[in-house]
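To start, the structure under review is shown below, and the notes come after it.
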Amino acid sequence: MARIEGVSAEQAGPYVKVAYRFTRRAIAKLTGRETERMIEPLELYALVPALFKGYTKLEQASAKVHRLDKRLHALAELKAATLTQCEYCIDMGSAISRRWGLSDQELLALPTYQTSPLFSELDKLVLDYAVGMSRTPVDVPDELFDKLRRHLDAGQLIELTHHVALENLRGRFNLALGIGSAGFSDGMVCALPAMPPLPS
């Protein structure tokens, strides 16, 4: 349960109701499930109409870009979600990743991707990029970026960078406001949150 009560469908005005309906349909198509709390982050954004409109347009635009392979998109977003430890994002991301071709074994191997034979060289570069982008401060060495450029064109790199940055926005928003899992992966394998580093 979130720390703040959002705008329910019953309380929402016409524009927000339509956005809720559209979002529910889109998320159900992506995850294969419709759950009670599936649009909880959006219900909180609805408390600030200007942000609600801007955020929904950002998500709509993001859903329309497809230059990046779906597998790479899924790996990058899900890795970022595990690093922020956002339950909602990991739950939804695991369901989407499964539908986009990742196996249960790959979902569980994300913490050890660097040594796992399940991931290709490009998969590992994308995962390294998601890790570097999700650090504070961001740590993306020139060498890593140059290796990615050998596989991806400029547009694909922009899309990859956007997806990781957006996932960090989602995760940090959800965590701060207490938004938890929505049940997209109930009864199925789900990626594991990254363990925080041990103190030195």
Side-chain angles (χ1 to χ4, degrees), residues 26-27 30-31 41-42 45 51 54-102 106-114 116 118-177 179 181-182 184-185 190-197:
I27 291 175
L30 279 172
T31 63
L42 201 56
Y45 269 112
L51 286 178
Y55 179 72
T56 55
K57 286 180 182 177
L58 176 63
E59 287 286 4
Q60 287 169 2
S62 300
K64 290 178 183 173
V65 292
H66 301 292
R67 293 180 70 167
L68 189 66
D69 178 79
K70 278 187 173 184
R71 174 185 175 80
L72 299 178
H73 178 168
L75 283 170
E77 278 194 355
L78 188 55
K79 186 63 180 174
T82 65
L83 292 164
T84 61
Q85 301 185 6
C86 171
E87 291 178 7
Y88 180 93
C89 302
I90 294 170
D91 176 28
M92 178 188 275
S94 294
I96 293 169
S97 295
R98 192 176 298 101
R99 291 174 67 84
W100 286 0
L102 268 66
E106 288 169 322
L107 293 179
L108 294 174
L110 277 177
T112 56
Y113 74 90
Q114 291 173 320
S116 172
L118 298 173
F119 301 106
S120 71
E121 177 194 357
L122 179 55
D123 290 343
K124 291 177 182 181
L125 289 172
V126 165
L127 290 163
D128 283 344
Y129 192 65
V131 170
M133 276 192 66
S134 300
R135 286 192 174 123
T136 303
V138 169
D139 180 21
V140 177
D142 289 340
E143 182 184 2
L144 171 58
F145 198 82
D146 291 343
K147 285 180 181 176
L148 275 169
R149 285 191 80 138
R150 291 182 204 138
H151 297 276
L152 304 175
D153 65 30
Q156 290 170 317
L157 281 165
I158 295 298
E159 191 175 323
L160 171 62
T161 304
H162 170 75
H163 290 313
V164 175
L166 181 57
E167 192 59 33
N168 271 272
L169 165 70
R170 292 174 184 137
R172 292 169 194 278
F173 180 90
N174 293 344
L175 279 167
L177 294 172
I179 297 170
S181 172
F184 297 110
S185 293
C190 195
L192 301 170
M195 296 304 293

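Just so it is clear, the values below take in all heavy atoms, side chains as well, and ignore hydrogens, waters and symmetry mates.
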Could you measure the distance from the CG atom of Leu78 to the CD1 atom of Ile96? Nearest 0.5 Å is fine. 9.5 Å
For atom CG of Asp146, is the number of surrounding heavy atoms from other residues, nucleotides or ligands below 6.0 Å larger than 12? yes
Separation between SG of Cys190 and CZ of Arg98, rounded to the nearest 0.5 Å: 7.5 Å
Closest heavy-atom pair and its distance - Arg71, Leu118: NH2-O, 3.8 Å
Heavy atoms of other groups near Lys147 NZ, more than 12 under 6.0 Å: no
Rounded at 0.5 Å granularity, tell me how far CG in Leu148 sits from CG in Leu72. 9.5 Å
Measure across Ala191 and Ile90 and return the closest heavy-atom pair with its distance rounded to 0.1 Å. O-CG2, 3.2 Å
If every non-hydrogen atom of Val65 is compared with every non-hydrogen atom of Glu159, which pair is closest and at what distance? O-OE2, 3.3 Å
Looking at every heavy atom in both Ala130 and Ala76, which two are closest together, and how far apart are they? CB-O, 3.6 Å
Working note: Thr84 + Asn168, criterion side-chain contact (heavy atoms from CB on, under 4.5 Å); need CA distance, chi angles, decisive distance, verdict. CA-CA 7 Å; Thr84 61; Asn168 271 272; 3.6 Å; yes
Taken to the nearest 0.5 Å, the spacing of Glu77 CD from Met92 CE works out to 10.0 Å
Just grab all the salt bridge (charged side-chain N to carboxylate O under 4.0 Å, His left out) pairs involving residues 148-157, residues at least two apart or on different chains. Arg67-Asp153
Whether Tyr45 and Tyr55 hold their rings parallel, tilted or perpendicular, with breakpoints at 30° and 60°: parallel
Given Glu167 and Arg170, is the salt bridge (Lys or Arg N to Asp or Glu O under 4.0 Å) satisfied, shown in steps? CA-CA 5 Å; Glu167 192 59 33; Arg170 292 174 184 137; 2.6 Å; yes
Could you tell me which non-hydrogen atom of Val131 sits nearest to which non-hydrogen atom of Tyr113, and how far apart they are? CG2-OH, 3.7 Å
Tyr129 OH to Asp139 CG distance, which is reported to the nearest 0.5 Å: 12.0 Å
State, without any angle test, whether His162 and Ser62 hold a side-chain donor-acceptor pair at a distance under 3.5 Å. yes
In the structure I gave you, are the side-chain heavy atoms of Leu30 and Arg99 within less than 4.5 Å of one another anywhere? no
Candidate pair Glu59 and Leu166, rule side-chain contact (heavy atoms from CB on, under 4.5 Å), full reasoning: CA-CA 9 Å; Glu59 287 286 4; Leu166 181 57; 3.9 Å; yes
Hey, are the side chains of Tyr88 and Leu175 touching, using non-hydrogen atoms and a 4.5 Å cut-off? no
Closest heavy-atom pair, Phe173 versus Pro41, reported as atoms and distance to 0.1 Å, is CE2-O, 4.0 Å
Main chain of Phe184, side chain of Asp91: is a donor-acceptor contact present, judged purely on distance under 3.5 Å? yes
Looking at Phe119, is its backbone amide N or carbonyl O close enough to the side chain of Glu106 to form a donor-acceptor pair, meaning the two atoms are under 3.5 Å apart? no
Working to the nearest 0.5 angstrom, can you tell me the gap between Leu102 CG and Leu110 CG? 7.0 Å
